[in-house]
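Note that these values count all heavy atoms, side chains included, but never hydrogens, waters or copies made by symmetry.
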Amino acid sequence: MKRLLFILFALQSIASYGQMFTITVKDAATKISLQGASVTILDKDSAFVNSCQMITINMGDRKKYFYASQIEGSSPYYYIRCEKKGYLSQLVKVDAADDIKPEPIMLKRAPRTLREATVTATKVMMVMKGDTIVYNADAFELAEGSMLDQLISRLPGVKLNAGGVITVNGNRVSNLLIDGKDFFNGDANVALENLPAYMVKNVKSYQKAPDNAYLTRKDNKPHADDPWVIDVTLKKEYHQGWIANAEAGGGTKDKYLGRVFGTYFSDRARVSFYGNANNTNSNQRAGTDGKWENEDAMMGENTLQKGGLFASFYGGKDSERPIRFITTLEASHNKDVNESRENSVNFYESGNTYGKVNSLYNSKNYNLNWIGALSIPTSFAYIHLDQYFYYASSSTNSQQQSVLSRHILPDEWTNMTEGLVNSYTDLSQSKAF
């Protein structure tokens, strides 16, 4: 109370010597009086006259601020200029008087200019829809020209092992489907190696109930012991029409490689074919990081010719359980030639011995496989007929020659007898159908 009386007395003393300004500055939004403002008095020509001093009044648990100044002048009116960091400046005109107390001056917050911000959108890689894992194919960056195997190998929780064996979170996948339908009788390698990744919209992983579950189960839902499948959904523009791709190459020593794949899609039919021939003895392929990958390095020289044809047709009025006919025909010829040569030296006090071992292994395999399946679902029975034909033929021819001599052996030593310690020759042949 004493402080307030002193301030009032000081203001009264100042006022007795000229014109007295008492100014309150508030936040326009919160209506709270502001401290730290710069308040100046200007005359009618906007020339500086005087600056105001901030005075603080303690009012219990809060404080109040106002600005005061005493001037001597003859201007008919004055300007009060209020400035504070973070607020827009305000200029108020007041008429001259002995005691000038204008309405509180409301300062508005100044607009804040934010620094440039970059917003980067990311695509969701996978979501769970019930018991189904759905992978968004567009969320994975792949090298141009990548096939389905490159996409599958990048999916979280999915492992693609040698021979096209796929596991999802440790569960082995029994079948690979395209748009929920069979493809080459479940032979994953055909789709993995030949179906371009850019055609894929998403990849689903789930447990598939048997086709006759609508008769044998009340809920027609998959059970814990049902097999896992990978279901590849194609983009809309690839649901109908022809897709084909091919590659060919040649090299030194009569090396060659050729591959072709084509498929026709529609709502009622699907026809696909593929062919592969090479003697490159390798299944190397370019990875997404630019490095070459080789899953199963082979020894010797391997020649492969393989081809297949797949067709499926769907009919009937029930689109969920259509009548289905599927046929697959595949043929392959594989030839392996493996030759090895070994040289050895045994050191003895009585004299060294020299050894050579030559081995030659040849094998040929022929396979022909045809499968036909007809499924007819009805309201009271599920009819399924399977027909298949399989032919396989293989032959092997192996030869091994070894010799041990007291003399250094020439490259051709078949008929050599001088210095011979021992020699051994083994020939074997086998055929199977």
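Nearest heavy-atom pair, Lys306 versus Glu330, reported as atom, atom and distance to 0.1 Å: CE-OE2, 4.3 Å. The minimum heavy-atom distance between Asp226 and Ala209, with the atom names listed, is OD2-CA, 3.8 Å. The two residues Leu148 and Ala191 make their nearest non-hydrogen contact at CB-O, 3.6 Å. The two atoms that bring Val94 and Phe21 nearest to each other are CG2-CE2, 4.0 Å, heavy atoms only. Taking every heavy atom of both residues into account, Trp228 and Arg172 meet most closely at CB-O, 3.8 Å. Of all heavy-atom pairs spanning Cys52 and Tyr67, the tightest one is CB-CB, 3.8 Å.
Dense packing is recorded around OH of Tyr256, with more than 12 heavy atoms of other residues, nucleotides or ligands lying under 6.0 Å away. Within a 6.0 Å sphere centred on NZ of Lys159, heavy atoms belonging to other residues, nucleotides or ligands number 12 at most. Summarising the local packing, NZ of Lys129 is surrounded by 12 or fewer heavy atoms from other residues, nucleotides or ligands at distances under 6.0 Å. Atom CG of Asp386 is surrounded by more than 12 heavy atoms from other residues, nucleotides or ligands within 6.0 Å. By the neighbour-count criterion of 12 heavy atoms within 6.0 Å, atom CG of Asp267 is sparsely surrounded, having that number or fewer from other residues, nucleotides or ligands. Within a 6.0 Å radius of CD in Glu103, other residues, nucleotides and ligands contribute 12 heavy atoms or fewer. Applying the 6.0 Å contact sphere to NZ of Lys181 captures more than 12 heavy atoms from other residues, nucleotides or ligands. By the neighbour-count criterion of 12 heavy atoms within 6.0 Å, atom CG of Asn343 is densely surrounded, having more than that number from other residues, nucleotides or ligands.
The shortest side-chain heavy-atom distance between Ile41 and Ile23 falls under the 4.5 Å cut-off. For the pair Leu195/Leu234, a side-chain contact is recorded, criterion being any heavy-atom separation below 4.5 Å from C-beta on. A heavy-atom distance below 4.5 Å is found between the side chains of Asn169 and Ile133. A 4.5 Å side-chain heavy-atom check between Asn279 and Lys255 finds at least one atom pair inside the cut-off. Side chains of Pro210 and Arg217 form a contact here, defined as non-hydrogen atoms less than 4.5 Å apart. Residues Pro222 and Tyr206 form no side-chain contact, since every pair of their non-hydrogen atoms from C-beta on lies 4.5 Å or further apart. Side-chain contact between Asn276 and Phe261: absent, with no pair of heavy atoms (C-beta onward) separated by less than 4.5 Å. By the 4.5 Å heavy-atom criterion applied to side chains, Ile152 and Tyr135 are not counted as neighbours.
Separating the CD1 atom in Ile166 from the CG atom in Leu155 is a distance of 9.0 Å, to the nearest 0.5 Å. Ile243 contributes atom CD1, which lies 5.0 Å from atom OH of Tyr198 (distance to the nearest 0.5 angstrom). Atom CD in Gln401 sits 9.0 Å away from atom OG in Ser359 (nearest 0.5 Å). Here the OG-CG distance, from Ser89 to Leu107, works out to 8.0 Å after rounding to the nearest 0.5 Å. Taking CG of Asn367 as the start and OH of Tyr391 as the end, the distance is 9.5 Å to the nearest 0.5 Å. Interatomic distance, CG of Leu404 versus OG of Ser344, reported as 7.0 Å (0.5 Å rounding).
Inspection of the Arg259 and Asn245 side chains reveals an N or O donor paired with an N or O acceptor under 3.5 Å. A donor and an acceptor atom, one from each side chain of Thr327 and Trp370, are located under 3.5 Å apart. A donor and an acceptor atom, one from each side chain of Tyr87 and Arg109, are located under 3.5 Å apart.
His384 and Tyr382 have parallel rings, their planes meeting at less than 30° on a 0 to 90° scale where 60° marks the start of perpendicular. By the 30° and 60° cut-offs, the orientation of the rings of Phe325 relative to Phe313 is parallel.
Annotation: Phe265 is not in aromatic contact with His239 [ring centroid separation under 6.0 Å not met].
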Pair Leu368-Phe389, side chain to side chain contact (heavy atoms under 4.5 Å, CB included): steps then yes or no: CA-CA 8 Å; Leu368 179 64; Phe389 171 81; 4.0 Å; yes

Could you walk me through whether Glu193 and Met147 pass the side chain to side chain contact (heavy atoms under 4.5 Å, CB included) check? CA-CA 6 Å; Glu193 297 173 2; Met147 295 299 169; 5.9 Å; no

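Ion pairing between Lys84 and Asp27 fails under the 4.0 Å rule for side-chain N and carboxylate O. Arg324 has a carboxylate O that lies under 4.0 Å from a charged side-chain N of Asp211, or vice versa, which qualifies the two as a salt bridge.
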